[in-house]
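Have a look at the structure below before the remarks.
For ligands, and for the atoms within them, numbers begin at 1 and follow the listed sequence.
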Amino acid sequence: MSLLDIHVLGSPILRMETRIVTDFTSELKDLAENMFETMRAAEGIGLAAPQVGREERLAVIEVDREKYVIVNPEVIVEEGEDRQEEGCLSIPDIHGEIDRARRVVVDAFDLDGVQRRIEAEGLLARCLLHEIDHLHGKLFIDYLSLLKRRAALGTWETLKAKYPGSIRHLASVGGSQVSPSGSGDM
Ligand code: NI
């Protein structure tokens, strides 16, 4: 396994549409494993392929110690409303309160090419919607009001200097335990 570099706001791939996965290869499993490792090293709870510079329609999630790999996901049902603070591993240190559905039903393939249905509420529902947005070039800041988006982008102007080439290079955690509190970014 290896840590992958995370693309941050400004990298064009974050705005691109992903490609539907048709071949469920061992390379795809390796990618998912490396994405889990990268997500944990960054103390996140979700990570989508474009965030590591890949075009596959695939994301990984770990919420409440449950791991999910979603390939070619589709939102079948969205119900209710929930407003919570949200952040993204590709826009470090920027957060915003975002309205999302409270409950979702998502159909997605697993790494063996088997279609599965995920019924989720609360944080898992939010994370699923956030990652599926990533797979279609959408970021959480897109939902902010014009004023709040301007403020966030203004802050980002000063933060982005930390990420030359729009790349966030993670230091190896060396097998140490990541704190369960984490950043909660996705
Ligand atoms: Ni994100």
Side-chain angles (χ1 to χ4, degrees), residues 3-19 21 31-64 66-75 78 82-102 104 106 108 118 120-145 148-149 151-153 155-157 159-160 162-163 165-170 178 180-186:
L3 288 181
L4 307 171
D5 286 341
I6 296 179
H7 289 237
V8 300
L9 185 62
S11 175
I13 198 161
L14 293 178
R15 291 305 193 177
M16 286 167 57
E17 184 63 50
T18 50
R19 285 207 306 248
V21 173
L31 173 60
E33 274 311 306
N34 289 335
M35 286 171 62
F36 271 119
E37 191 185 6
T38 302
M39 182 189 78
R40 290 198 196 99
E43 303 192 1
I45 62 170
L47 186 66
Q51 296 182 274
V52 293
R54 302 284 294 239
E55 294 181 342
E56 290 90 341
R57 192 163 297 170
L58 172 153
V60 301
I61 291 171
E62 187 168 5
V63 170
D64 294 336
E66 285 285 333
K67 291 164 71 177
Y68 303 85
V69 179
I70 52 171
V71 181
N72 305 338
E74 286 195 45
V75 179
E78 288 188 75
D82 184 30
R83 172 174 292 196
Q84 295 291 336
E85 181 148 291
E86 197 169 310
C88 179
L89 292 172
S90 291
I91 320 173
D93 303 314
I94 302 278
H95 296 88
E97 295 212 318
I98 304 294
D99 292 321
R100 302 258 190 202
R102 190 183 55 79
V104 296
V106 170
I118 303 169
E121 290 186 352
L123 183 59
L124 179 57
R126 175 169 298 274
C127 193
L128 282 161
L129 293 171
H130 180 114
E131 300 315 325
I132 292 169
D133 275 351
H134 270 301
L135 300 178
H136 301 289
K138 193 156 193 180
L139 301 172
F140 84 91
I141 54 169
D142 302 347
Y143 294 104
L144 294 173
S145 68
K148 285 182 176 167
R149 190 161 63 244
L153 292 174
T155 306
W156 179 249
E157 278 303 307
L159 293 174
K160 70 179 187 184
K162 290 201 277 185
Y163 310 103
S166 300
I167 293 294
R168 176 182 180 188
H169 185 71
L170 298 167
V178 169
S181 58
S183 71
D185 287 349
M186 338 176 166

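Among protein atoms, those of element N, O or S found less than 2.8 Å away from the Ni ion (ligand 1) are Cys88 SG, His130 NE2, His134 NE2, Met186 O.
Thr38 places a side-chain heavy atom less than 4.5 Å from the side chain of Leu170.
Ion pairing between Lys162 and Asp93 holds under the 4.0 Å rule for side-chain N and carboxylate O. A salt bridge links Arg19 and Glu55; the closest N-O separation between the charged side-chain nitrogens and carboxylate oxygens is under 4.0 Å. A salt bridge is absent between Glu78 and Arg100: the closest approach of a Lys/Arg side-chain nitrogen to an acidic carboxylate oxygen does not fall below 4.0 angstrom. The pair Asp82-Arg126 meets the salt-bridge criterion, since a charged nitrogen lies less than 4.0 angstrom from a carboxylate oxygen.
Residues passing the side chain to side chain contact (heavy atoms under 4.5 Å, CB included) test with Leu153, sequence neighbours excluded: Leu9, Ile141, Arg149.
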